[in-house]
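Everything below concerns the one structure shown next.
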Amino acid sequence: MKWPSLNAQILAGAVLGVAIGFYFHGLERDDATVESWLYAFGLVGAVFIDLLKMILIPLVFTSIAVGIANLQAHKQVHRVWITTLCFFAFTMAIAIVLGMTANQVFRPGDGLDVQMFADAMQNFEANQLALPEFVAQFLRSLFVNPFAAFSQGNVLAVVIYALFVGIALVIGGERYQSILTSLREFNEITMQMVRWIMYLAPLGIMALLIQLIATQDASLFGSLGKFMLVVTGTTLLHGVVILPLILYLITKVTPLRFFAGAREALLTAFSTSSSTATLPVTLRCAEQNLQVRPDVAGFVVPLGATVNMDGTALYEATAALFVANLVGIDLSPAQQMIVFFTAMIAAIGAPGIPSAGMVTMVMVLQSVGLPAEAIAILLPIDRLLDTVRTAVNVEGDMIGSLVVQRFVKD
Ligand code: ASP
């Protein structure tokens with residue numbers, strides 16, 4: 001019998017994970033056997049994420065430095081930069097408009113009383129961060145001692161340092177050929193390790209999904225069900241219709257072909273809720289399944305994993321309007337514009353880790369005078385909402401790399 005492909009195994013792992021998760025959800029939580037199983041699944045999931053994180057920093061550094069060096073050699077780097085940034089900004093703007101419109105149409109906050117959440121809000125201490133501080137903090141996190149950035153897993157700072165190294169390698173030309181060759185070889189070795197780690201993906205994804213579903217407290221969802229539906233529905237609309245449509249119009253890659261190639265990364269993002277942990281898988285899908293040139297993918301995908309977050313941008317804006325609705329504040333058109341821009345900045349600044357969007361959302365709320373404590377209302381449902389928005393964040397990076405490749409075709 002032929003062993004099923006890795007792609008098929010991952011899909012089977014995800015389906016099994018959901019099914020077993022629901023089974024465990026129905027069981028008594030204080031049963032010792034159930035507890036031990038959940039502990040074991042938690043451990044397997046955590047080891048899978050640890051392996052991805054282990055490989056992350058060397059992979060980001062070598063792909064960007066080598067990618068930039070190759071692109072500079074083709075004199076296409078300006079075009080890549082501009083197309084990448086325009087694509088990121090454009091798609092995040094569409095996502096935000098979509099979320100804000102859906103919120104106006106469905107008004108998920110209507111009929112809910114903020115008093116219902118008074119307890120949670122009272123016990124919550126928001127980490128106050130106003131817009132100017134946030135921008136300053138973001139800018140100052142870009143240029144960091146590379147050794148500190150490497151050891152702390154600070155992806156954005158590693159991206160910036162790798163850009164400098166890549167450009168310096170090109171300017172140095174022949175002189176640094178041996179360093180460039182070593183970096184290329186190191187990059188190949190790292191991709192080989194990603195291949196090994198992916199053998200664990202079906203099991204890792206299954207374990208993460210079992211844990212996620214088995215430990216959700218469904219009673220919390222009652223009052224926020226409509227909000228969850230609106231957010232998830234619009235995020236899916238963006239991910240399943242808008243982004244594939246943009247991709248098709250620009251590159252003629254069909255949605256079917258795209259999703260078949262992107263599936264491993266989308267499922268990993270869904271189950272880990274972390275764009276950065278998923279990055280090794282995203283790069284692999286872009287290069288190997290979607291045939292994006294390594295120099296383009298090596299630049300667009302790691303940068304996208306840290307700054308391009310359509311799902312998060314959509315969520316931040318929709319949640320802010322929801323909170324306004326809940327506390328009975330009617331935002332003026334000017335205030336809505338502020339929400340639009342701060343949601344984009346907050347999404348750009350959010351690191352690709354679970355629930356990062358919740359932390360940066362404090363800034364969006366404060367920008368229009370909404371109570372930061374309202375985050376307490378949304379925290380309990382965040383783990384679930386984070387799954388779909390992270391998958392769409394990662395999808396945007398892969399589509400971005402295909403679009404940019406189309407524009408820099410030789
Ligand atoms: N979990 C998301 C990501 O990694 C960030 C967020 O919380 O929105 O892409």
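Ligands are counted one by one from 1 in listed order, and the atoms in each one are counted from 1 as well.
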Would you tabulate the polar-atom pairs, meaning N/O of ligand 1 against N/O of the protein, with distances under 3.5 Å, reported to 0.1 Å?
from, atom 1, to, atom 2, distance (Å)
ligand 1, 1 (N), S273, O, 3.0
ligand 1, 1 (N), I353, O, 3.1
ligand 1, 1 (N), D386, OD1, 2.8
ligand 1, 1 (N), D386, OD2, 3.3
ligand 1, 1 (N), T390, OG1, 3.1
ligand 1, 4 (O), S275, N, 2.8
ligand 1, 4 (O), S275, OG, 3.2
ligand 1, 4 (O), G352, O, 3.3
ligand 1, 4 (O), I353, N, 3.4
ligand 1, 7 (O), A356, N, 2.9
ligand 1, 7 (O), G357, N, 2.8
ligand 1, 7 (O), R389, NH2, 3.0
ligand 1, 8 (O), T312, OG1, 2.6
ligand 1, 8 (O), R389, NE, 2.7
ligand 1, 8 (O), R389, NH2, 3.4
ligand 1, 9 (O), S275, OG, 2.3
ligand 1, 9 (O), N393, ND2, 2.9

Could you tell me how the ring of Y161 sits relative to the ring of F61: parallel (under 30°), tilted (30 to 60°) or perpendicular (over 60°)?
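The arrangement is parallel - the two ring planes meet at less than 30°.
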Listed by chain and number, what are the side-chain hydrogen bond (donor to acceptor under 3.5 Å, both in side chains) partners of T33, not counting sequence neighbours?
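T33 satisfies side-chain hydrogen bond (donor to acceptor under 3.5 Å, both in side chains) with D31 only.
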Test side-chain hydrogen bond (donor to acceptor under 3.5 Å, both in side chains) applied to S273 - qualifying residues, sequence neighbours left out:
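Partners of S273 by the side-chain hydrogen bond (donor to acceptor under 3.5 Å, both in side chains) criterion, ordered by chain and then number, come out as R383.
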Under the salt bridge (charged side-chain N to carboxylate O under 4.0 Å, His left out) test, which residues partner E185, sequence neighbours left out?
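Residues passing salt bridge (charged side-chain N to carboxylate O under 4.0 Å, His left out) with E185: none at all.
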Member of L59, V60, V66 meeting the side chain to side chain contact (heavy atoms under 4.5 Å, CB included) criterion with S63
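Only one option passes, and that is L59.
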Test side chain to side chain contact (heavy atoms under 4.5 Å, CB included) applied to N70 and R184, step by step:
CA-CA 10 Å; N70 291 344; R184 244 181 226 138; 2.9 Å; yes
